[in-house]
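Worksheet: the structure to be examined is printed underneath.
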Amino acid sequence: MSSLSSVLARAKERELRQSSYVPEADAPLVVYFSSVTRNTDRFIAKLPVRSVRLPLKTTEPPPRITEPYVLAVPSYGRPGGAGSVPPQVVKFLNDASSRAHLLGVIGAGNTNFGPLFCVAAEKVAAKCQVPLLYKFELMGTDEDVEKVTQGLEEFWQACTQPRE
């Protein structure tokens with residue numbers, strides 16, 4: 001087997017293992033947008049979370065979220081960062097009841113964008129006054145998955161635990 005075939009086989013095996021994961025009912029909820037490239041989708045699939053994907057088409061209605069969640073958003077590379085937040089995310093966040101449950105943001109992007117890397121996540125976090133929890137490139141690395149899993153678990157517990 002060629003090295004490329006071997007790499008592809010291992011990647012397929014990893015995806016199959018991860019897709020069989022069933023998150024616990026109290027696992028963090030991640031709402032996310034992923035374009036047709038599915039980079040963000042592949043990353044979220046590696047996390048031990050419940051997830052809701054925003055519709056690909058802006059003509060489809062976004063889900064209404066009625067519980068705490070973290071938003072994962074990719075950035076689009078446009079000059080000066082204009083239009084970097086996907087319109088599907090803007091439409092989703094324009095619903096005040098869904099926006100009210102937003103706890104934090106995770107950014108996906110491409111470091112080729114230089115200072116605009118994950119600018120959409122920065123904009124959403126600032127506008128919604130929530131923390132920007134993490135930034136990852138493209139589909140993320142195994143290290144990104146570990147860091148987000150641990151950080152999200154700690155953040156989720158801190159945000160959702162009843163206060164005394």
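Starting from 1, each residue takes its place in the sequence as its number.
- For residues 103-113, no residue pair satisfies the salt bridge (charged side-chain N to carboxylate O under 4.0 Å, His left out) rule, not counting sequence neighbours.
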>> Show, in sequence, the C-alpha distance, side-chain angles and deciding distance for I65 and L29, and conclude whether the side-chain contact (heavy atoms from CB on, under 4.5 Å) test is met.
In response: CA-CA 10 Å; I65 304 298; L29 175 62; 4.0 Å; yes
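- Taken together through direct or relayed side-chain contacts under 4.5 Å among Ile, Leu, Val, Met, Phe, Trp and Tyr, V105 and F117 form parts of separate hydrophobic clusters.
- Under the 4.5 Å side-chain criterion, counting only non-hydrogen atoms from C-beta, F33 is in contact with L56.
- The two residues S75 and A121 have their closest heavy-atom pair at OG-N, 4.2 Å.
- Here the closest non-hydrogen pair linking S84 and A120 is O-CB, 3.5 Å.
- V119 places none of its side-chain heavy atoms less than 4.5 Å from the side chain of V85.
- A distance-only check finds a donor-acceptor pair linking the side chain of D144 to the backbone of T141 [under 3.5 Å].
- Under a hydrophobic clustering in which Ile, Leu, Val, Met, Phe, Trp and Tyr are joined whenever their side-chain heavy atoms come within less than 4.5 Å, directly or via other members, V31 and V90 fall into the same cluster.
- Among residue pairs with one or both ends in residues 58-71, those qualifying as salt bridge (charged side-chain N to carboxylate O under 4.0 Å, His left out) are R50-E67, R64-D95; sequence neighbours excluded.
- For the pair P63/P55, a side-chain contact is recorded, criterion being any heavy-atom separation below 4.5 Å from C-beta on.
- Atom CG of L152 and atom CD of Q157 lie 10.5 Å apart (nearest 0.5 Å).
- Taken to the nearest 0.5 Å, the CG atom of L93 stands 8.0 Å off from the CG atom of L54.
- Annotation: side chain of L138 is in contact with side chain of N110 (closest heavy-atom distance under 4.5 Å).
- Shown here for P48 and A27, the closest heavy-atom pair between the two residues is O-CB, 3.9 Å.
- The backbone N or O of T37 lies less than 3.5 Å from a partner atom in the side chain of R42, making a donor-acceptor pair.
- In the hydrophobic clustering of ILVMFWY residues, with side-chain heavy atoms under 4.5 Å counting as a link, F155 and V49 come out together.
- Cluster membership for L47 and L132, using ILVMFWY side-chain heavy atoms within less than 4.5 angstrom, is shared.
- Put simply, the side chain of P86 reaches to within 4.5 Å of the side chain of P74, judged on heavy atoms.
- Taking every heavy atom of both residues into account, S35 and R53 meet most closely at O-NH2, 3.4 Å.
- E137 places no side-chain N or O within donor-acceptor distance of the main-chain N or O of G109, the cut-off being under 3.5 Å.
- Side-chain contact between Y32 and S51 is present, with at least one heavy-atom pair separated by less than 4.5 Å.
- The list of ring pair (Phe, Tyr, Trp, His ring centres under 6.0 Å) pairs with a residue in residues 41-75, not counting sequence neighbours, reads F43-F136, Y69-F92.
- The backbone N or O of T58 sits less than 3.5 Å from a side-chain atom of K91, completing a donor-acceptor pair.
- The side-chain heavy atoms of C128 and R99, taken from C-beta on, include a pair separated by under 4.5 Å.
- With a 4.5 Å cut-off on side-chain heavy atoms, V148 and L133 do not count as touching.
- A donor-acceptor contact shorter than 3.5 Å is absent between the side chain of T40 and the backbone of S34.
- Under the side chain to side chain donor-acceptor pair (under 3.5 Å) rule, Q150 has a single partner from E146, K147, E154, E153, which is E154.
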